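For clarity, every value in this text was computed on a predicted model and none was experimentally measured. Sequence lines set the chain letters: A, B, ... in the order given, protein chains first and strands last, and positions in each chain run from 1. Note that these values count all heavy atoms, side chains included, but never hydrogens, waters or copies made by symmetry.
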2 protein chains.
Amino acid sequence: MHLTLSSFTPNIVHDIYVKNPLQSTLGTEILRVGNELIAEIGFEAFTFKKLATQIGTTEASVYRYFENKHKLLLYLTSYYWCWVEYHILMRNNNLLDACRQLKNVLEIIGRPIKADDKNLNQEILFYNIINESSKSYLVKSVDELNKVGLYFNYKKIVAIISDIILKINPDFKYVHMLVSTVIEGIHHQIFFANHLPSLTDTDTEENYLPDFYYHLILSTIKND
Amino acid sequence: MHLTLSSFTPNIVHDIYVKNPLQSTLGTEILRVGNELIAEIGFEAFTFKKLATQIGTTEASVYRYFENKHKLLLYLTSYYWCWVEYHILMRNNNLLDACRQLKNVLEIIGRPIKADDKNLNQEILFYNIINESSKSYLVKSVDELNKVGLYFNYKKIVAIISDIILKINPDFKYVHMLVSTVIEGIHHQIFFANHLPSLTDTDTEENYLPDFYYHLILSTIKND
DNA sequence: TATTATATGATAGTAATACTATTATATGCA
DNA sequence: TGCATATAATAGTATTACTATCATATAATA
């Protein structure tokens, strides 16, 4: 299902950027080419110098949008979680069955966002989420960044999914733990399937990942 | 329970290091101080220059042991997984009950290795595993490194735990997926509890993490 | 229309990083 | 005694991760 997206604007906290990249041509180029270049050479080898050269601008200009490459990564991951949230709301709107809602969520998280986004290539963004997004919080500055709300979009997704699960079993005590385990799990399994296959069980079925985690969640929250 | 450790020697594949750090005083200093310094300033800010200065040696000498800091991180994580393997074998030796074996494993993974290791401070090593170990595989070179066996020790742990679970239910199809989800899950939850508490459910019970994942595994593999 | 604010470009510079190379010295073993 | 090996001392290079300054172009505003 494709959506018309004129309505989508990501809700990203200001402290992530110096200057809003979505309000200028150069800004959107930084996002678009940044996304591609990180995917191509990896976050460690990625530099603002290389990015500037590819865009045809200068390093100094890139620094006017983002303090450093880590903040750009944070922006990209936040942008991704905004899309996830948007899709969850779209697909679960008017749905009463919480189990169906949960299934939808797992499918959304398990593959690239299906949308014609004018700013970012969503296939590439998903690739970066799998490969690089953990690095957005596995840093010494995590507490400082968290204090000013830079992980807001991720935390919101965990809250939304937790609420769905609590509709299935309101008494389950460890929802947040379960949800963050599953989100990280899905993304990690995709990485393992591609690179360290003995850590997973690749399967020909299209939907095996969402199905596996759906089963895992339902079994875990069941009272017995 | 403390063990006498004269018997422990890590089984780490040669390609991780240039020169075996356990065969010289400088080598063990690199491991010991490297472990501490990574924990102190974080892997991104950590450099061989700083490490050399703290040890009182030169950058060039550190490079004789490890090609780069990423290989040192890989060494430290492999060292950790060797200890985990050793402890699993010790504690599960002569145990027939697979459920009891599984519980032991989850407890071992959920806290620092309890051992007087003469080379590395295990509390600090565990801290680094939580905060940095994902970075040992989330790199562009993962396939290349995997080809020469640099993830051997991690993969072996997943295989060992998978075998235990298969003793409980030999028909379960997704053991490796479940096991790597749980291992990553436990370590991530510790990180979240410390830094992003809304992504987890901290609890006063001492053993809530291993208990939660024990329940999760048992529920998931149950036939119904 | 003139004024001014804002965005970008062009250029330069600096301290630190991630190495490599060379030469000298010390220690251990045959 | 000679030889191999390990480390120290020193130097050097390209790249990274920024910061600063000044010029120019464009847009908004008075």
**OP:** Can you spot which of A:Tyr151, A:Tyr86, A:Tyr154 makes a ring pair (Phe, Tyr, Trp, His ring centres under 6.0 Å) with A:Trp81?
**Re:**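 Exactly one option meets the ring pair (Phe, Tyr, Trp, His ring centres under 6.0 Å) with A:Trp81, and it is A:Tyr154.
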Original post:
Aromatic ring centroids of A:His187 and A:Phe126 under 6.0 Å?
Top reply: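 Yes: the rings meet the under 6.0 Å criterion.
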Original post:
Which nucleotide in the list D:dT7, C:dT8, D:dT10 gets nearest to the side chain of B:Leu26?
Top reply: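 Nearest listed nucleotide: D:dT7.
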**OP:** Measure from the side-chain heavy atoms of B:Thr58 and tell me the nearest of C:dT8, D:dT10, C:dA18.
**Re:**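 Minimum distance to the B:Thr58 side chain belongs to D:dT10.
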Original post:
For A:Thr57 and C:dG9, is the shortest distance between a side-chain N/O and OP1 or OP2 below 4.0 Å?
Top reply: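 The answer is yes; a side-chain N or O of A:Thr57 sits under 4.0 Å from OP1 or OP2.
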Original post:
Looking only at side-chain N and O atoms, does B:Lys19 come under 4.0 Å of OP1 or OP2 in D:dT7?
Top reply: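 Affirmative; the distance criterion is met.
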Original post:
Taking the six-membered ring of B:Phe48 as reference, does the NZ or CZ atom of B:Lys69 fall below 6.0 Å from its centre and within a 45° cone about the axis?
Top reply: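 The answer is no; the distance or angle limit is not met.
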How is [X] classified with respect to the nucleic acid when contacts are heavy atoms under 4.0 Å: base, sugar-phosphate, or nothing?
X       : result
A:Phe66 : nothing
B:Lys49 : nothing
B:Phe48 : nothing

**OP:** For the residue pair A:Trp83 and A:His87, categorise the inter-ring angle as parallel (less than 30°), tilted (30 to 60°) or perpendicular (more than 60°).
**Re:**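 Correct class here is perpendicular.
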Subject >> Partner nucleotide of D:dA28 by Watson-Crick or wobble geometry (both distances under 3.5 Å) >> reply: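 Base partner found: C:dT3.
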Original post:
Which one is paired to D:dC18, where only Watson-Crick or G-U wobble pairs with both distances under 3.5 angstrom count?
Top reply: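 Paired with C:dG13.
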Original post:
Starting at the 5' end of DNA chain D and moving along, which residue's nearest nucleotide shows up first, A:Lys50 or B:Arg64?
Top reply: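 Here B:Arg64 is the residue nearer the 5' end.
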